[in-house]
Amino acid sequence: MELAAKYTPAEVESKWYQYWINNGLFHSQPDHREPYTIVIPPPNVTGILHMGHMLNNTIQDILVRRARMTGKNACWVPGTDHASIATEAKVVNKLAQQGIKKRDLTREQFLEHAWSWTHEHGDIILQQLRKLGASCDWDRTAFTMDEVRSESVLKVFVDLYKKGLIYRGLRMVNWDPKAQTVLSTEEVIYRDEKSKLYYLKYYVADTDTLPVKPTNEEGEILHKDAKGYYAVVATTRPETIMGDTAMCINPKDPKNQWLRGHKVTVPLVNRVIPVIEDRYVDMEFGTGCLKVTPAHDVNDYNLGKTHHLDTIDIFNPDGTLSEAAGLYIGQDRMEVRKQIVIDLSAAGLVEKIEDYDNKVGYSERNQDTAVEPRLCRQWFLSMQHFANIALPPVLEGKIKFYPAKYITTYKNWLENIQDWCISRQLWWGHRIPAYFLPTAEDEEEQFVVALSPEEALEEAKKIKGFENITIDQLSRDEDSLDTWFSSWLWPISLFNGINDPGNGEIKYYYPTSVLVTAPDIIFFWVARMIMSGEEYLKDVPFGNVYFTGIVRDKIGRKMSKSLGNSPDPLELIDKYGADAVRMGMMLSAPAGNDILFDEALCEQGRNFNNKIWNAFRLVKSWNVEDKPQPDTAQKAVEWFDNMLCRVHNEIDGLFSKYRLSEALMVVYKLFWDEFSAWYLEMIKPAFGQSIDRQTYRHTLQFFDHLLRLLHPFIPFITEELWQNLQQREEGESIMQAQLPQVHTADTALLSQFEITKEVITNIRNIRLQKNIPAKQSLDIFHKGNADNYYDSLIGKIANISHIQAWKDDMNIPSANFLVNTTEWIIPIGNMIDKEAEIKKIEADIQYYEKFLNSVMNKLNNEKFVNNAKPEVVALERKKQADATSKLETLRENLKRFSE
RNA sequence: GGGAGUUUAGCUCAGCUGGUUUAGAGCAUCUGCCUUACAAGCAGAGGGUCAGUGGUUCGAAUCCACUAACUCCCACCA
């Protein structure tokens with residue numbers, strides 16, 4: 001068949017993906033083989049593929065494909081995540097565009113919209129993964145809100161509630177005013193911000209009874225103006241003064257002693273509040289006076305509790321000011337901040353304004369809205385128990401982290417664990433299975449937790465005073481659960497291990513083999529899966545965790561839409577082919593390091609595919625004949641067989657350490673340098689000649705073996721060539737081909753051949769320097785004990801007709817070179833440039849003299865000879881001997897040339 | 001404020017418990033080649049006082065200390 005000189009991936013890739021699907025090659029079911037399971041980190045159901053997904057899924061595919069080829073029953077389970085906040089936000093936006101407000105819809109109506117959005121977009125990202133070549137078992141595709149997963153989530157909620165690990169409590173929580181939901185502490189990310197520190201005047205309300213006046217060392221009165229005495233409070237959030245219910249000083253603060261026991265007036269608001277004392281206050285910060293707003297700051301809330309202060313909640317859920325604020329009602333908090341500063345200044349209540357760097361919390365999902373601390377009644381999961389069970393498996397090495405440095409991060413978090421706020425004020429998600437009983441407003445709330453309204457009713461009837469309650473009187477909690485409360489069950493719920501504990505699948509596939517994920521979700525997801533695994537299966541969810549880095553652009557910036565530096569993965573695939581893009585990702589992706597993605601790497605991948613393609617073209621172009629195998633071919637086969645074994649073993653080692661980019665580089669070099677540049681050149685028949693059957697058979701075997709080693713990285717082209725290398729049965733695939741068993745490589749033979757390569761390179765160099773055409777064959781000589789095992793190969797590759805031993809009485813103008821201690825001599829007739837030769841020899845002499853000198857320094861050092869290991873000393877002696885002999889040869893040559 | 005990590009050729013990185021010819025790879029660069037598989041190629045070449053300082057040692061890119069720069073994570077100083 002005629003093959004184009006350039007490989008074109010597009011057709012090939014879709015053809016083979018379809019073939020794999022048609023033959024059910026991705027599907028797994030339990031059998032006698034050892035399982036190899038990976039569960040996909042479920043992408044957002046309405047998301048689209050970005051470079052991070054590309055990296056992550058390429059790695060998973062490589063691992064899964066390799067597992068299949070090493071006798072394992074590999075199962076890669078795909079699925080998507082309902083991503084409650086993100087998806088709900090998208091649906092709300094879409095509705096807004098149609099002029100529909102979420103508040104105008106019933107829960108059911110809203111969910112209908114959300115589901116249709118999900119059905120419309122939910123498949124996109126999984127379709128995109130197919131383009132990449134992902135060998136997921138699509139029959140198992142799951143969704144965190146499908147029936148099995150939803151049931152699992154609710155069961156777990158009920159179970160944990162019954163175990164007393166889930167509780168409902170009034171806490172200071174993080175509120176996202178845009179999404180209008182509470183967030184967990186992990187979902188708040190803090191950003192440095194340039195802001196202002198406002199120094200506000202709080203006039204003393206009871207000046208008449210001020211016994212101690214504020215003075216400086218000279219006795220001058222301070223903090224006094226026409227309106228009286230005042231304290232100064234430094235704050236970054238002047239808009240919260242309407243919620244102030246006290247001012248706090250440190251009891252030991254000398255400069256604020258005069259305020260003890262007094263009252264001050266909140267500026268503008270004119271509410272009189274007490275001055276309280278607490279050691280919490282930092283005397284050095286600002287003026288040492290702290291305004292206390294218990295409703296809107298965690299620390300203030302705690303102060304409020306200890307000092308029994310009132311709590312005034314001045315914000316509405318959407319971040320506007322509430323009636324309780326008394327001022328600026330209905331305006332947004334950020335607007336109010338600007339306005340109140342103007343108003344305060346106008347009233348002469350601002351002493352000064354300073355620049356200030358502080359950290360502001362933002363919602364992880366919604367990074368343009370600052371999170372507001374808010375006092376709320378929410379559902380929490382007690383985490384201490386889970387921290388206790390999740391720490392040992394990682395510390396004891398039952399779960400291995402790659403890279404291991406994340407063990408410290410993990411440990412740190414678990415040792416300072418906080419309870420997990422699991423309720424969200426969202427509709428898109430798993431609705432909390434809690435039912436409230438009818439109670440009056442001033443009574444404490446009463447509720448039951450149960451899987452169904454019927455069960456809830458049964459539970460409710462047991463409560464004193466509610467014996468006659470009816471099902472209509474129960475009202476189910478409107479809130480839903482944090483998305484991670486379903487993802488943390490993923491490795492279990494995918495195999496239905498919650499609803500049907502101990503079923504065949506969960507027993508076979510769990511624990512999974514490896515989790516491939518980004519380090520930024522180590523707390524959100526990785527840690528919590530370990531918790532749920534230990535809780536429900538008494539076993540770890542995975543044996544290994546491979547943390548990928550963040551994909552950045554080539555100058556190290558994060559990829560983002562606004563920077564426009566994030567390439568569209570699908571466009572890259574169109575341009576270079578999926579194999580090339582996979583290679584591009586993997587060529588620079590050591591575990592845990594960020595990867596600096598450069599399109600040039602895809603080009604490198606494409607070039608490599610082209611290289612393989614052309615090697616294939618060459619091999620297929622040969623005519624095969626029954627004839628004796630030449631000595632060169634026999635030696636080449638023997639050598640390459642050993643080389644292949646050595647690299648194969650090396651790759652095994654690299655995979656066991658998850659050093660995938662190195663494994664790829666090693667096999668890349670094996671194919672390009674050893675196989676194409678050396679082996680094929682050595683066995684290549686002369687133009688128009690045929691190849692002997694034996695060599696050809698070996699070559700096909702090698703090619704097959706190489707394709708298998710390459711397949712996990714570049715599945716498409718390897719399948720294409722493997723299918724065409726020889727006749728295959730219908731349904732057969734390289735995907736299922738096993739990696740051959742290899743023997744231990746003969747290292748002596750391999751290093752002998754490396755010497756041969758060096759000889760050839762030297763000859764090529766001299767040809768280049770002296771302009772001797774490759775076509776002109778040469779006779780060469782060697783001095784000393786040269787092994788002649790590979791002489792025939794030198795002859796073939798370097799076009800040498802005879803290699804002979806040098807006789808001392810010969811006198812031929814020549815160019816010489818040294819390989820190890822053997823000197824090689826190439827007669828070059830009148831092309832000799834004596835001066836150049838002398839210069840070269842002198843440079844060599846200088847180098848070896850210096851080298852010998854450093855060796856002798858060691859050997860003359862008694863301490864070295866006495867203390868170093870014998871083999872090290874022996875090595876140095878060998879260096880000495882070699883260098884001495886080289887110098888001898890070089891000096892002789894120098895003499896000859898100088899004559 | 002606490003913790004972790006990084007710093008090796010122009011770029012991205014190897015170099016595991018110190019000693020394998022005074023540091024390796026890929027890419028990029030330079031030189032010469034359109035040699036009948038591949039110019040997405042072939043044959044060559046150059047390029048590094050291993051961040052700095054000090055220490056341990058017969059011997060340090062490798063171990064220790066300090067310094068500097070960068071990165072990340074955690075933390076309720078308004």
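Because the structure is a prediction, the values reported are computed rather than measured.
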Could you check whether any side-chain N or O of Arg767(A) sits under 3.5 Å from a backbone N or O of Gln776(A), counting only pairs where one atom can act as donor and the other as acceptor?
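Confirmed, Arg767(A) side chain pairs with Gln776(A) backbone.
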Near-ring test Phe703(A)/Tyr679(A), centroid separation under 6.0 angstrom:
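Judged by ring-centre distance (under 6.0 Å), Tyr679(A) and Phe703(A) do not meet the cut-off.
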Under 4.0 Å, counting only non-hydrogen atoms across every strand here, what does [X] touch: a base, just sugar-phosphate, or nothing?
X: Val298(A); result: nothing
X: Asp520(A); result: nothing
X: Lys878(A); result: nothing
X: Asn765(A); result: sugar-phosphate
X: Arg606(A); result: base
X: Ala774(A); result: nothing
X: Leu290(A); result: base
X: Lys359(A); result: base
X: Arg237(A); result: nothing

Side chain of [X] (C-beta onward), nearest among [options]:
X: Asn867(A); options: G19(B), C58(B), A4(B); value: C58(B)
X: Asp673(A); options: G26(B), A78(B), A37(B); value: G26(B)
X: Phe864(A); options: C27(B), C38(B), C58(B); value: C58(B)
X: Tyr280(A); options: U22(B), C76(B), A37(B); value: C76(B)
X: Lys611(A); options: A4(B), A25(B), C38(B); value: C38(B)
X: Ala868(A); options: A37(B), C58(B), G44(B); value: C58(B)
X: Phe285(A); options: C58(B), C27(B), A78(B); value: A78(B)
X: Phe523(A); options: G5(B), A78(B), C73(B); value: C73(B)
X: Trp672(A); options: G26(B), A78(B), G41(B); value: G41(B)
X: Gln418(A); options: A43(B), U22(B), C76(B); value: C76(B)

Suppose you measure atom [atom1] in [N] against the same atom in [M]; what distance do you get, rounded to whole Å?
N: G3(B); M: C58(B); atom1: P; answer: 34 Å
N: C11(B); M: G47(B); atom1: C1'; answer: 13 Å
N: A25(B); M: A43(B); atom1: P; answer: 15 Å
N: C76(B); M: A68(B); atom1: C1'; answer: 32 Å
N: G46(B); M: U31(B); atom1: P; answer: 15 Å
N: A60(B); M: U8(B); atom1: C1'; answer: 14 Å
N: G52(B); M: U57(B); atom1: P; answer: 23 Å
N: G48(B); M: G10(B); atom1: P; answer: 7 Å

Watson-Crick or G-U wobble partner of [N], both distances under 3.5 Å:
N: C34(B); answer: none
N: G5(B); answer: C70(B)
N: A65(B); answer: U53(B)
N: C77(B); answer: none
N: A40(B); answer: none
N: A45(B); answer: U29(B)
N: A14(B); answer: none

Tell me: [atom1] of [X] to [atom2] of [N], nearest whole Å?
X: Phe608(A); N: C38(B); atom1: CZ; atom2: P; value: 18 Å
X: Tyr406(A); N: U6(B); atom1: OH; atom2: C1'; value: 12 Å
X: Lys6(A); N: A40(B); atom1: NZ; atom2: C1'; value: 6 Å
X: Ile595(A); N: C11(B); atom1: CD1; atom2: C1'; value: 14 Å
X: Ile407(A); N: C72(B); atom1: CD1; atom2: P; value: 22 Å
X: Phe671(A); N: A37(B); atom1: CZ; atom2: C1'; value: 11 Å
X: Asn416(A); N: A75(B); atom1: CG; atom2: P; value: 8 Å
X: Asp357(A); N: A78(B); atom1: CG; atom2: P; value: 11 Å

Measure up the [X] and [Y] rings against each other and bin them: parallel (under 30°), tilted (30 to 60°), perpendicular (over 60°).
X: Trp613(A); Y: Tyr7(A); answer: tilted
X: Tyr410(A); Y: Phe401(A); answer: perpendicular
X: Tyr668(A); Y: Phe608(A); answer: tilted
X: Tyr847(A); Y: Phe851(A); answer: parallel

Is there a side-chain contact between Asn607(A) and the phosphate of G41(B), meaning an N or O under 4.0 Å from OP1 or OP2?
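So the side-chain polar atoms of Asn607(A) do come within 4.0 Å of the phosphate oxygens OP1 or OP2 of G41(B), strictly under.
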So, does Tyr668(A) get its side chain near the phosphate of C27(B), meaning an N or O under 4.0 Å from OP1 or OP2?
yes
Yes or no on salt bridge (charged side-chain N to carboxylate O under 4.0 Å, His left out) for Lys757(A) and Glu674(A), after CA distance, side-chain angles and deciding distance?
CA-CA 11 Å; Lys757(A) 281 180 175 174; Glu674(A) 311 300 351; 2.6 Å; yes
Leu601(A) to Leu587(A) - nearest heavy-atom pair and separation
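Scanning both residues completely, I find the closest heavy atoms to be O-CD1, 4.0 Å.
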Taking the six-membered ring of Tyr362(A), is the NZ or CZ of Arg191(A) close enough (under 6.0 Å from the centre) and on axis enough (within 45°)?
yes
Find which nucleotide of RNA chain B each of Ser621(A) and Gly288(A) is nearest to by heavy atoms, and output the residue with the more 5' nucleotide.
Ser621(A)
Listed in order of residue number, which residues of residues 853-861 of chain A have a non-hydrogen atom at under 4.0 Å from RNA chain B?
Asn861(A)
Does the distance from a Lys or Arg side-chain N to an Asp or Glu carboxylate O, for Lys575(A) and Glu599(A), drop under 4.0 Å?
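Salt bridge between Lys575(A) and Glu599(A), a charged N being under 4.0 Å from a carboxylate O: yes.
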With Thr240(A) as reference, evaluate Arg337(A), Lys291(A), Glu372(A), His296(A) under the side chain to side chain donor-acceptor pair (under 3.5 Å) test and give the passing residue.
Lys291(A)
Is there a donor N/O on one and an acceptor N/O on the other, under 3.5 Å, for the side chain of Glu681(A) and the base of A37(B)?
yes
